[in-house]
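See below for the structure under consideration.
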Amino acid sequence: MSDRDINSPKAIIGAIGVMVMVPMFFLVMPMYVGALSDDYGFANAQIGYLISIELGSAALASLTALFWLRQVNWRTVVLVFLVVLATMNVLSILVGGAYEQLLLIRAVAGFSAGAMMAVALAALGDTQNQDRNFAFGVTGQLGVSGCLLLVLPYFIGRWGAASIFTLFVIACAIAVPLAYWLPSTGKTPGTARITGRGSLLPLWGLAGSAAIFIGQAAVWAFIERMGSAAGLSPGSIGIALGISVFAGIAGALVASWLAGRKGRRFPMALAMIGEIVCLLFLLGGYTSAIYFAVVIAYSVCWNFWLPFQMGSIAEADVSGKFVALITLSQAVGIAVGPALVGPLISQDNYDPVVLTGIGFALLAMVLFLPVTAPEREQIPEET
């Protein structure tokens, strides 16, 4: 038995707090990349490898969680890895621009973050209202990201890349008291299966998650370049992207309000149709005004979809283990999307980006159809 009810407000706030504070390197990635480039003089290829190894290590940690997630004390695991992550961030400051040392340090940091994210996602997935709680987590990430992206340029200008790693240390410190609110374990994994296809449902969902992240990452990686092609100044593009982050909060909050009211299939279909319509406006040329509107609306639709996606995987995961692979599915999408579409872009023609986003959105909708079936009969496993 858990020493704290997984559905208690403290347990939910603790899991959301870990979900927000731990992946800080990803939430402020544009500033992170800029600081590494400007302060340390790293080339684009070096930065790419550094980000990839941190993200890849986080994905590896989520994969290993399949074997330990339901066997360990969640609170202890998170507290230990918070100490490891904070230590790695301090070491990142001390080594400065020593690239080989920084690669190793950030690999350990990424693994620590991935392990803690697996616990946070499993904890929220074990709650009674997964959609609402995941929506609150996404809202928290967007709010923190939006605020930090506004103020970080000032601190980076004064203290360089050290200010980014100091922020990461502060985030670990904030997460410590929140981690104490986590239960030591979640619900007991179920022994039921879903008639005819139970064991495959979370895998369909994870495949759908990877698909939508491939399309979304392909679009988001080149969205700044698409704005430039539309004739917008860097300042105007920055404003559009900044507004889109905060607009995304509206999408997540609406998802939290709808949670449990309309099922999942209808809201997810609505969100994905909205994304596709937005992308269609960018096909074959567009004005700066259209770009501005599309970037904001696209963010709303995307963040409206995301909590339902995570909730549907968590509910379908009777074993309680596969929810840890949500991080892996997202990391695969983020890594594959830009690499897939990049070679297809010629000069200022970004139609391949748009078509990739639309194609993988449609694929994700299809993959989630069995996962979001309105009724699934639970029957005991044969012994």
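Just so you know, these numbers come straight off a predicted model, no measurement behind them.
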Does the side chain of [X] reach to within under 4.5 Å of the side chain of [Y], using non-hydrogen atoms?
{"X": "T372", "Y": "M268", "result": "yes"}
{"X": "F304", "Y": "L253", "result": "no"}
{"X": "S312", "Y": "Q130", "result": "no"}
{"X": "I13", "Y": "F136", "result": "no"}
{"X": "M310", "Y": "Q330", "result": "yes"}
{"X": "P370", "Y": "L201", "result": "yes"}
{"X": "Y40", "Y": "L36", "result": "yes"}
{"X": "R75", "Y": "T185", "result": "no"}

What side-chain donor-acceptor pairs closer than 3.5 Å can you find for residues 233-246, not counting sequence neighbours?
| from | atom 1 | to | atom 2 | distance (Å) |
| --- | --- | --- | --- | --- |
| S233 | OG | S236 | N | 3.2 |
| S233 | OG | S236 | OG | 3.1 |
| S244 | OG | L241 | O | 2.6 |

Check your understanding: Relative to each other, are the rings of Y350 and F222 parallel, tilted or perpendicular (30° and 60° limits)?
Key ->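 Plane angle between 30° and 60°, so tilted.
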Nearest atoms (heavy-atom pairs only) where [X] meets [Y]:
{"X": "V18", "Y": "M116", "value": "CG1-O, 3.9 Å"}
{"X": "V371", "Y": "A316", "value": "CG1-CB, 4.1 Å"}
{"X": "W305", "Y": "A271", "value": "CB-CB, 3.7 Å"}
{"X": "L69", "Y": "A118", "value": "CD1-O, 4.0 Å"}
{"X": "G125", "Y": "F134", "value": "N-CZ, 3.8 Å"}
{"X": "V138", "Y": "P307", "value": "CG2-CG, 4.3 Å"}

Quick one: do [X] and [Y] end up in the same hydrophobic cluster if we chain Ile, Leu, Val, Met, Phe, Trp and Tyr together by side-chain heavy atoms under 4.5 Å apart?
{"X": "V366", "Y": "V277", "answer": "no"}
{"X": "Y99", "Y": "L104", "answer": "no"}
{"X": "F368", "Y": "M365", "answer": "yes"}
{"X": "V20", "Y": "I174", "answer": "yes"}
{"X": "V332", "Y": "F360", "answer": "yes"}

Practice item. Assess whether side chain to side chain contact (heavy atoms under 4.5 Å, CB included) is satisfied between Y298 and L282, documenting all intermediate values. Key: CA-CA 11 Å; Y298 185 82; L282 298 180; over 6 Å; no
Find the distance between [atom1] ([X]) and [atom2] ([Y]) and round it off to the nearest 0.5 Å.
{"X": "R264", "Y": "D131", "atom1": "CZ", "atom2": "CG", "result": "4.0 Å"}
{"X": "I326", "Y": "S62", "atom1": "CD1", "atom2": "OG", "result": "10.0 Å"}
{"X": "L203", "Y": "D317", "atom1": "CG", "atom2": "CG", "result": "9.0 Å"}
{"X": "F26", "Y": "I51", "atom1": "CZ", "atom2": "CD1", "result": "10.0 Å"}
{"X": "L27", "Y": "F25", "atom1": "CG", "atom2": "CZ", "result": "9.0 Å"}
{"X": "M29", "Y": "I334", "atom1": "CE", "atom2": "CD1", "result": "7.0 Å"}

Review point. Going through the checks in order, is the side chain to side chain contact (heavy atoms under 4.5 Å, CB included) test met by L79 and Y180?
Key: CA-CA 8 Å; L79 289 171; Y180 276 105; 3.8 Å; yes
State whether the number of non-hydrogen atoms from other residues, nucleotides or ligands found under 6.0 Å of [X] atom [atom1] is greater than 12.
{"X": "F42", "atom1": "CZ", "result": "yes"}
{"X": "F281", "atom1": "CZ", "result": "no"}
{"X": "Y49", "atom1": "OH", "result": "no"}

Exercise for review: Go through the steps for F111 and T64 under the test side chain to side chain contact (heavy atoms under 4.5 Å, CB included), then give the verdict.
Suggested key: CA-CA 10 Å; F111 189 92; T64 66; 4.0 Å; yes
Check: [Y] main-chain N/O paired with [X] side-chain donor or acceptor under 3.5 Å:
{"X": "D39", "Y": "A35", "answer": "no"}
{"X": "R265", "Y": "L369", "answer": "yes"}
{"X": "Q46", "Y": "A43", "answer": "yes"}

Output side-chain donor-acceptor pairs under 3.5 Å for residues 163-172, partner residues at least two apart or in another chain, one line each.
| from | atom 1 | to | atom 2 | distance (Å) |
| --- | --- | --- | --- | --- |
| S163 | OG | G160 | O | 2.6 |
| T166 | OG1 | A162 | O | 2.7 |

Verify the distance criterion only: is there a donor paired with an acceptor across the side chains of [X] and [Y] at less than 3.5 Å?
{"X": "S329", "Y": "S209", "result": "yes"}
{"X": "N7", "Y": "T127", "result": "no"}
{"X": "Q216", "Y": "W220", "result": "no"}

**Study point:** Results of side chain to side chain contact (heavy atoms under 4.5 Å, CB included) for D351 - residues two or more places apart only
**Key:**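 For D351 the side chain to side chain contact (heavy atoms under 4.5 Å, CB included) partners, ignoring immediate neighbours, are L283, N349.
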Review point. I212 and E275: side chain to side chain contact (heavy atoms under 4.5 Å, CB included), yes or no, with the steps?
Key: CA-CA 11 Å; I212 190 59; E275 279 199 25; 4.1 Å; yes
